[in-house]
Structure formats: structure tokens, C-alpha cells
K.L.:
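One structure coming up, written as C-alpha cells, with questions to follow.
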Amino acid sequence: MSTAPDQAALKRGNVLWLMAAMGFVIAPHAERLPLWVSATCLGVAVWRGLIAWHGRKMPHGLFVAGLAIATAAGTWLSYSRLYGRDASSTLLILMLCLKLLEMRSRRDALLTIFLGFFLVFTNFLYSQTVLMGAYMLVCVWIFMATLVGFNRVGTEATFRERALPAGRIILQAIPLMLVVFILFPRVSTPLWRLPQEGTTGRTGLSESVSPGDLNKLIQSEHVAFRADFKGPIPKNDRLYWRGPVMMDFDGRTWTMSPFPGILTMRTAGIEAKGDEIDYVVTLEPHGKTWMFALDMPLILPSDGFLQSDYQIRSGAPINALRRYEMRSALSYVARRELSPEARRRYTTLPLDSNPRATRFARQLRTNNATDRALINAALLLFNQQFIYTLEPPVLGRSPVDEFLFDTKRGFCEHYASAFVYLMRAAGIPARVVLGYQGGEINTVGNYLIVRQADAHAWAEVWLEGEGWVRTDPTAAVSPDRIERGMDLALGPVGVLPNLIAADKFGLLRQVRYTWDAFNNQWNQWVVGYNTDRQAYFLKGLGIDSTDWRKLAMWLLFGGLAASGLVGAFLLLKRNPAVKDPALLAYEKFVRQMAAVGVRREAHEGPVDFLHRIEREHSDLAAGARRVTDLYIAVRYATHGAIAKSDPRIDQLRAAVANIRNA
Amino acid sequence: MQLHLRERIADWIYRAKAPETPPVVLVQRRIYIVPTRHGYLFAFILVLLLLASINYQISLGYLLVFLLASIGGTGMLHTWRNLAQLSLAPGRVEPVFAGDTAQFTLRLGDTTLPRFSVAVRRSQGEAEYADVPQAGTATVALPVAAEKRGWLSLGRLEIFTHYPFGLFHAWSYVDFGTRCLVYPRPDPGAGPLPVEASQHGDGTSMIPGEDEFHALRGWRPTDSPRHIAWKALAREQGLLSKEFMSTASSDLWLAWEHFPSLGTEERLSKLTFWVLEADRLGLAWGLKLPGVNIPLNGGDAHRLACLEALALFQIGPAAA
């Protein structure tokens with residue numbers, strides 16, 4: 001086809017816009033990218049700039065192909081694969097950057113922009129926060145503005161001529177987007193198997209715990225999940241959010257059971273002994289499979305299953321925000337029989353790892369007649385001699401021994417670990433449970449925010465006739481931690497709590513809660529808008545979302561209504577400011593003439609009309625001639641649009657006004 | 001292939017349609033719109049993004065896909081509106097000689113909105129782009145090579161646009177029946193004017209030269225600017241042919257029979273050269289073609305009449 005549109009691809013302004021769009025969309029990736037990738041992208045941008053501004057030659061196609069192969073190889077070396085989230089994002093970024101060096105036609109430019117939308121998408125694989133959404137909307141805007149520039153042929157678009165049409169069209173597109181977003185059927189199962197991606201950069205609990213692990217988490221203000229209670233929010237000391245359960249111990253590190261059995265809620269043997277609490281958990285992606293619930297869960301999320309250690313697991317790693325309804329009993333009996341095999345495993349300890357602790361446990365066993373008495377004696381020991389601290393001393397080869405008999409200072413995992421060690425050594429089946437304890441009540445939205453800083457470890461012991469019983473040795477050491485939360489037990493942690501502590505009037509807290517409440521709504525309604533949420537929302541609108549034919553019909557109607565609305569707005573919109581001022585003045589003159597009996601015919605041009613006025617109304621001839629001459633001069637002898645400031649317009653207006661006096 | 005199909009559809013739509021009277025306003029029903037290749041590519045990319053969003057359960061991915069799809073749909077309305085209500089009128093076109101380029105023009109305007117990158121092309125021709133300012137007009141030049149004498153018809157024009165996103169091709173057709181008169185290509189091989197042959201008894205036929213001022217006549221593009229009579233121009237007196245006629249008294253007949261051995265087109269080309277030559281020298285001449293007899297005369301109107309007769313010889317004037 002014509003070559004004129006292709007010249008648009010090489011215009012500096014267009015190239016600059018495209019590079020800016022790419023820069024904006026790649027920026028959030030920058031912290032994750034290997035250094036050489038960022039350097040390559042920057043280098044390519046500078047090179048392309050030199051081509052555009054200093055008229056350097058485009059590199060040879062073979063050279064760019066070589067570069068592409070080299071960077072693909074580099075990606076493979078960095079990630080040891082080319083698929084998966086991290087590697088494929090990196091590869092896409094590199095290929096699109098290199099495409100800049102190979103952009104010769106409008107087609108190349110358009111393809112680059114379209115693929116740029118994939119880069120927008122890759123950002124959502126890492127974050128779906130409000131801020132990311134808003135930022136990506138800006139990126140789409142820049143991309144669309146760039147697209148406008150590439151579709152201007154002949155003339156180059158100004159900044160406003162790019163940004164305004166693109167922005168306007170995006171605004172007009174939003175109603176239809178919302179309708180489709182609400183009504184488009186959601187599928188709850190993935191279409192193809194997802195590659196298991198690493199969880200780099202995500203804070204949270206892990207499959208194992210050793211002394212010192214949790215106090216790293218305590219520094220983190222990251223939200224682990226939010227919980228919205230149907231009824232009043234229970235007191236802090238009852239909020240034990242159960243997470244991964246640790247079974248095996250190697251003397252230092254506790255790890256999860258690799259092959260736990262699966263239970264159903266019926267076989268679990270959990271019996272509520274008080275009120276049942278209903279709440280909704282909105283779980284932030286953490287890359288692991290466990291799902292949190294208050295001790296003990298009574299129901300399971302739709303895609304969750306229950307392990308024999310009462311841990312709820314998801315079928316796939318939680319890589320996107322997950323919203324699920326839960327019901328728990330805060331007072332319960334978990335009366336499940338322990339098989340001999342299980343009993344053996346829950347009392348197993350590595351031989352000779354912590355000999356002093358083992359001897360002490362045997363001593364406790366002989367001194368106490370019952371298991372209950374033994375447990376109380378151990379807790380009493382913690383209560384009397386131990387200190388709860390965020391900065392415990394570093395422990396060596398026998399951490400339990402050193403903690404119990406030398407340092408006596410520790411954090412929750414030290415207490416849970418040492419306590420479970422003592423119990424097992426004394427022959428009582430026991431295990432370490434990880435999770436979160438408590439949470440922060442958002443007074444604006446009246447829900448609970450549970451942060452990584454609320455991470456906790458406690459113990460569970462199995463008692464004859466009672467089943468699994470939760471025992472929290474930390475509560476024996478520092479009751480404040482459990483009753484009133486982290487900040488009050490240890491004082492403020494990190495920068496933000498310090499600021500909040502200094503905030504006497506609670507203003508900052510209010511702002512923070514409002515922002516979090518907004519995020520929560522975003523999570524509930526946008527990020528967490530899944531099959532269940534859609535069914536619930538559409539039910540409120542009286543639409544049955546399970547009938548796909550009805551849903552398709554609504555989608556069609558809604559889409560047509562939204563686009564019809566915008567279409568009508570576009571078509572009916574008359575631009576009021578566009579009437580030519582000369583024409584307006586002349587029309588006034590025509591009305592004046594009609595008032596004195598000379599009506600202008602549709603076919604009459606201004607000159608013919610003037611001749612008729614001269615014949616029929618000679619007293620107005622002089623004035624009419626002046627008006628007509630000025631009108632013709634302004635309107636027909638001017639190139640392009642008439643400037644509003646043209647002095648002849650004023651002359652014309654004056655001539656029309658003074659027609660009788662001329 | 002696509003172009004070919006579009007041409008055929010256009011032929012079918014325009015089958016029985018007479019040339020239109022300007023100005024033509026591109027009303028709703030005359031504008032057609034289909035996705036471009038880039039539009040289909042865009043749709044394909046959106047399908048891929050939708051699959052990725054479904055698979056990774058990325059809610060903001062859904063939002064992105066639906067936003068882009070809505071932008072595409074809204075962009076279609078804008079592409080359509082970039083043509084809608086645009087007013088078209090052809091400009092004047094001056095006659096040319098065969099072998100030259102006829103400069104057709106199309107004026108776009110009377111618009112309440114600014115329009116960008118509106119293209120005009122003849123069937124299979126090169127597209128010419130123009131921006132139309134708000135409340136203003138733009139003129140698109142459509143140069144067409146005039147290959148042979150007679151009427152050169154501009155034919156049907158396609159007015160199209162891809163603005164703002166290049167995802168849709170909106171177009172319309174218009175045919176004003178605009179045509180350009182093409183004179184035969186002047187052939188210098190005609191030789192000198194047959195002055196001697198037509199000389200009268202008095203013996204003193206004026207052989208034109210550049211020595212002395214003789215009379216005023218109309219300006220022609222071939223004249224040197226040094227010969228323009230600026231004062232007469234200022235007085236808006238272009239033609240002074242009477243005085244000129246009286247001086248060139250020799251009977252110069254440019255006749256078909258001068259070139260007995262040549263074909264029709266060659267004869268016409270040579271006669272065209274003679275007409276121009278006679279006019280350049282300020283002579284009076286007459287033209288004789290089979291069935292055409294233009295009496296002795298001189299000046300612009302006479303020259304144009306002769307050229308037109310040569311251009312339309314055996315073609316017929318055809319209702320303009």
C-alpha cells in the first residue's frame with residue numbers, strides 16, 4: 001500500500017512516545033529484572049534515540065536477530081528456562097525493546113504497541129493493587145496516545161492531539177468495560193496447568209521453621225489477609241489463625257509432614273463447644289498452598305481440603321488474591337484417635353540432639369503424675385524464668401538446650417519449639433503450629449487486618465480422652481502478646497508504627513484505615529471477583545448466573561446499552577463553539593432583511609441576494625453592500641479556519657448592526 | 001484481494017448512480033466500516049490476553065481485556081465519525097495536454113469537528129491525506145496523468161480514514177463526474193507554420209519577431225514574464241484581440257490535409273503544435289478538420305476553441 005503511513009513510523013515524536021510508553025510499563029518490573037536486562041533495555045533506548053535524533057542508520061536485521069538470540073540465551077542463563085512468569089516476562093521485555101531497533105514501518109510500530117499490552121498484563125501477575133491498577137491505566141493511556149500518533153498521516157500530532165483523544169476514548173470505553181467485567185462468566189478452574197512458580201520476594205510463613213525465622217516476619221507490615229466477621233470481632237486472645245503444622249524435627253528445624261492424610265469435615269472429629277463464628281477471609285497471594293482459618297475450622301473453602309493435622313490446603317499455590325467464606329469454633333474439642341503410627345511420629349525426636357532438654361523432660365515426667373500437671377509445670381517454668389524478646393541471642397548446635405538452660409530469651413518459635421521438644425521427650429504427642437495471632441481492627445471498615453507482623457507459633461498436644469489441645473507457651477511468658485497484640489507486648493516495631501505512636505489525635509491512623517478499607521473493597525469487588533462473588537452479586541441484581549444463556553443475553557443487552565449510550569452521546573453531540581462568527585453575523589443580517597420583507601431564497605448566494613436587495617429595498621443597498629463585501633472577504637477569501645481575532649469580523653458585526661445608517 | 005473485493009462492492013453499489021451534484025455530505029448510510037488487518041491482529045491479541053486472564057485468574061487482566069475491547073469498539077465510532085457529516089466538493093480543473101498531469105482537487109470541509117488523516121484516492125490510486133480544521137476546509141490535490149486526448153474522467157473517489165487507532169477502515173465513495181479536458185500532445189515535428197503557402201497577393205505578410213511592440217494579447221503560460229503587460233493587468237484588461245486581429249492579416253489555415261500520410265492522432269498532435277505556435281507568434285489562423293471548420297481568428301478564446309476541437313475530434317463534446 002501507500003508509503004505515506006510508513007513515514008509516520010519514523011517520526012521522532014512517535015518514536016519518543018513509544019519509548020516512553022515502554023519505559024512506563026517496564027518500570028515496575030525493573031526491581032525484579034537482572035541488571036543486564038535493564039542495561040540492555042536502556043542501551044537500546046539510547047541507540048534508538050540516536051537513530052531518531054541524529055539520523056543514524058538502523059542496524060542490520062541480521063544484527064538485531066543475533067542480539068535477540070543472545071538475549072534469549074542470557075534469559076535462559078538467568079532463569080534456567082524460558083517459560084514461566086519471570087522468564088517469559090523478561091523475554092517479552094527484551095524482545096519488545098529489540099523490536100524498537102527493527103521498527104521500519106507503521107505495521108511494526110502497531111505490533112509493538114499491541115504486544116506492549118502483554119507487558120501491562122505481566123505486571124498484574126505480580127501485583128493487583130489499586131495503585132498498580134491506576135498506574136497501568138495510565139500506561140494504557142500512553143499506549144493509546146502513541147497509537148493515535150502513529151495513525152496520523154501527513155501531519156504530526158501535538159501532545160494534546162495525542163493525549164486528549166486517547167483519554168476521551170478511554171473514558172467513553174469505561175461503561176462498556178464495567179458491564180462486560182460484571183457479566184462476563186468467570187471460570188473457576190484454569191484452562192491449562194500452570195507452571196509452579198517460585199515465591200521470590202514474597203514474605204510469609206514457610207514449610208519449615210527454625211529459631212529466628214519468625215522475627216524476620218515481625219518487621220513486615222505486609223498484609224497477610226483480611227477477615228470480615230458477620231458478627232462482632234472476637235477478642236484478640238481467641239484469634240489463633242491456623243496455618244502450616246510442623247511435624248518433623250531435626251534438632252533445629254521443624255518441617256511439615258510430607259505425606260499427611262486427608263480428612264473430611266465429618267471424619268475430622270471437631271466439635272464446637274460454643275458459638276460458631278462466620279467470617280470471610282480475603283487472602284493475599286503468598287505462593288503456598290495453605291489457607292488460614294481460625295482454630296478450628298468447621299467448613300472448607302470450595303477448592304480447599306483438610307489434612308489430618310487440621311491444616312486447610314488449596315489444590316494449587318495461591319498466586320492471586322483468594323476470597324473464601326469460613327466458619328470456625330473458637331471453643332472446641334478435636335477428639336480424634338491417634339493411630340500407633342501417628343503417636344510414634346508425634347513423639348519422635350532426633351537422638352542426642354539436645355541431651356539436657358531430654359534429661360529435664362524425663363525429670364518432669366517422674367515428678368508429675370498426669371500429662372496436665374506436666375504441661376503446667378513446663379509452662380510455669382517459662383513464666384518464671386524466661387524473657388520474651390524480639391532480639392533473642394543466636395543459638396548454636398543444640399538450640400533447645402541452649403535456649404532452655406543458657407540464654408532463656410526468645411521469641412514465639414523458641415518457646416513453641418522448646419515446649420514441643422519437652423512434651424515429646426516426656427512421651428506426650430505434640431506438634432508446632434504456625435499461623436497468625438490476633439490482628440488489627442480497622443475501625444473504618446470494621447474488619448480485621450492480619451499482617452505478617454502477627455505471625456506466631458504455638459504448640460498442640462494430644463491428651464488421652466481430650467484429643468488435640470492448643471497450648472501457647474508464649475502466653476505463659478508474655479500474656480500481653482496474646483491478649484493485646486504485638487505492639488503492646490514489645491513496643492512499636494518498624495517505622496510506620498512509630499509514626500502512628502506519635503500520632504496523638506489518631507489522624508494518621510484514620511487515614512491509614514480508610515486507605516486499607518478502600519483496598520479491602522478493591523480486593524473484595526475487583527481483584528476477588530470470582531465465580532462465587534459474581535453469582536452473589538448477580539443474584540442481588542436478579543440475574544441467575546448459572547444459566548449461561550441468560551447471562552449471555554444480559555451481556556448482550558448490557559453491552560448494547562452501554563455502547564449505545566456512548567454512541568448516542570458521540571453522534572448527538574453538537575459542538576456549540578464551532579459556528580463561524582462571520583456566518584453568524586451574516587445570518588443576523590439575513591434575519592434583518594427578512595424582517596423588512598426581503599427573504600433570502602435557498603438557492604441565492606450572497607451576491608444574488610445583494611442584487612435583489614438593491615432592486616427591492618434601495619434604501620438599504622449601501623449597508624447591504626458593505627455587509628456582503630465584508631462577509632465574502634472574510635469567509636471566502638481566507639485560507640483555512642477563520643481566526644477568532646480577525647479584525648474584519650468586528651467590522652462585519654458593526655456593519656450588520658449599523659445597516660440602516662450606512 | 002481485499003481491495004479488489006471492495007472495488008467490486010463499490011461497483012455494485014454505484015451501478016446505477018449518476019454523478020452527484022456538489023456539495024455531497026457524507027451522511028450515515030454512505031459510510032461503510034470494517035476492521036483493518038491491524039484491527040484483526042488487535043482482536044487476536046485480546047483473545048490471547050483473555051485466555052491468560054482466565055487461566056491465571058487475574059481479575060485486573062479481565063479488566064484490561066475488557067477495557068481494550070471497549071476502547072476498540074469506541075474507537076470504531078470515532079473512526080466512523082471522522083468521516084460522518086464531512087462535506088465534499090470538487091475544485092476547478094484546468095485543461096492539460098496529453099502527457100501532462102491533470103490537477104484535480106477535492107475540497108473537504110464545513111465540519112463541526114476537526115478531522116484528522118482523511119484520505120482520498122481514486123480506484124487503485126495513491127492515497128492523499130489531509131487534516132480538516134474545525135469550521136474550515138482542506139483541499140486535497142489529486143494529480144492524474146493525462147495519457148490521451150479527450151475527456152479525462154476523475155471517476156469514483158474513495159474517501160477513507162483509519163484515525164484514531166488504525167483498527168478500522170471507514171470509507172465512502174463519491175463521484176461528481178468531474179473531468180478534465182485533455183488536448184492532444186503538441187508535436188514539434190510538425191515543422192514551421194505553413195505561412196508561405198497561405199500568403200496573399202500583397203506580399204508583405206508579417207513574420208513575427210521580438211523586435212517591436214505590436215499589440216496586446218492574452219497571457220499564456222509559455223510567455224516570458226518580461227513580456228507581461230503589468231499595467232494592463234492592473235486595469236484588469238486581459239484581452240485586446242481586436243487590434244491584434246487587424247494586424248495579422250495573412251490567411252493562415254491549419255488543416256487536416258497538411259499531413260496526408262499520417263494517422264489521426266499524429267495529425268492532431270502536429271496541428272496542436274501549430275495552433276500553439278501561431279498563437280505564440282500572435283498570428284490569426286483558422287482550423288480545418290473533417291467536419292470542423294473554425295474561421296480565421298486569434299486570441300485566447302479562439303485558441304481554446306481550436307484546442308478543444310482538436311481534443312474532442314471524433315469524440316464529441318459529450319454533455320458536461
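A quick note: this is a predicted structure, and the numbers were derived from the prediction, not measured. Just so it is clear: chains get the letters A, B, ... in the order the sequence lines come, proteins before strands, and each one is counted from 1. The basis for the numbers below is simple: all heavy atoms, side chains too, and nothing from hydrogens, waters or symmetry mates.
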K.L.:
Between A/T129 and chain B, with a heavy-atom cut-off of 4.5 Å, which part of the residue counts as in contact: side chain, backbone, both or neither?
P.N.:
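Only the backbone of A/T129 comes within 4.5 Å of chain B.
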K.L.:
Given heavy-atom pairs under 4.5 angstrom as the criterion, report whether the side chain, backbone, both or neither of B/T139 touches chain A.
P.N.:
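For B/T139, neither part sits under 4.5 Å from chain A.
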K.L.:
Counting C-beta onward and ignoring hydrogens, is there a side-chain heavy-atom pair between A/P165 and B/Y163 closer than 4.5 Å?
P.N.:
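Sidechains of B/Y163 and A/P165: in contact.
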K.L.:
Checking the side chain of A/Q128 only, and the main-chain atoms of B/S59 only, is there a donor and an acceptor separated by less than 3.5 Å?
P.N.:
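Looks like yes, one N/O pair under 3.5 Å.
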K.L.:
Taking side chain as everything from C-beta outward and backbone as N, CA, C, O, which of these in B/L46 sits under 4.5 Å from a heavy atom of chain A? Side chain, backbone, both or neither.
P.N.:
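Nothing of B/L46, per the 4.5 Å heavy-atom cut-off to chain A.
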K.L.:
Work out which heavy atom in A/R106 is nearest to a heavy atom in B/G166; give both atom names and the distance.
P.N.:
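Residues A/R106 and B/G166, closest heavy atoms: NH2-CA, 3.8 Å.
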K.L.:
Non-hydrogen atoms of chain B under 4.5 Å away: do they reach the side chain of A/M144, the backbone, both or neither?
P.N.:
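Both backbone and side chain.
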K.L.:
Checking A/V526 against chain B: side chain, backbone, both or neither under 4.5 Å from a heavy atom?
P.N.:
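Both backbone and side chain.
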K.L.:
Write down the atom of A/A173, the atom of B/I71, and the distance for their closest heavy-atom approach.
P.N.:
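Answer, listing the atom of A/A173 first, then B/I71: CB-N, 3.5 Å.
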K.L.:
Once you measure the plane-to-plane angle for A/F184 and B/Y62, does it fall in the parallel (<30°), tilted (30-60°) or perpendicular (>60°) bin?
P.N.:
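Rings of A/F184 and B/Y62: tilted, as their planes differ by 30° to 60°.
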K.L.:
With a 4.5 Å heavy-atom cut-off, do B/V65 and A/F117 have their side chains touching?
P.N.:
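No - every pair of side-chain heavy atoms lies 4.5 Å or more apart.
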K.L.:
Between A/F114 and B/F42, how do the two ring planes meet: parallel, tilted or perpendicular, split at 30° and 60°?
P.N.:
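Tilted: the ring planes of A/F114 and B/F42 meet at 30° to 60°.
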K.L.:
Can you say whether A/W525 sits under 4.5 Å from chain B via the side chain, the backbone, both, or neither, judging by heavy atoms?
P.N.:
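Neither part.
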K.L.:
Closest heavy-atom contact between A/L147 and B/F165?
P.N.:
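Of all heavy-atom pairs spanning A/L147 and B/F165, the closest is CG-O, 3.6 Å.
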K.L.:
Just wondering, do A/F569 and B/L77 contact through their side chains at under 4.5 Å, heavy atoms?
P.N.:
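In short, these two side chains do not touch, never coming nearer than 4.5 Å.
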K.L.:
Which bit of B/L64 comes within less than 4.5 Å of chain A, counting heavy atoms only: side chain, backbone, both or neither?
P.N.:
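Answer is side chain: those atoms of B/L64 sit under 4.5 Å from chain A.
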K.L.:
Quick check on the interface: out of A/I170, A/L321, A/L137, who has the most heavy-atom pairs with chain B under 4.5 Å?
P.N.:
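With the most close heavy-atom pairs to chain B, the winner is A/I170.
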K.L.:
Do any N or O atoms from the side chain of B/T74 and from the backbone of A/I169 form a donor-acceptor pair under 3.5 angstrom?
P.N.:
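It does not hold such a pair.
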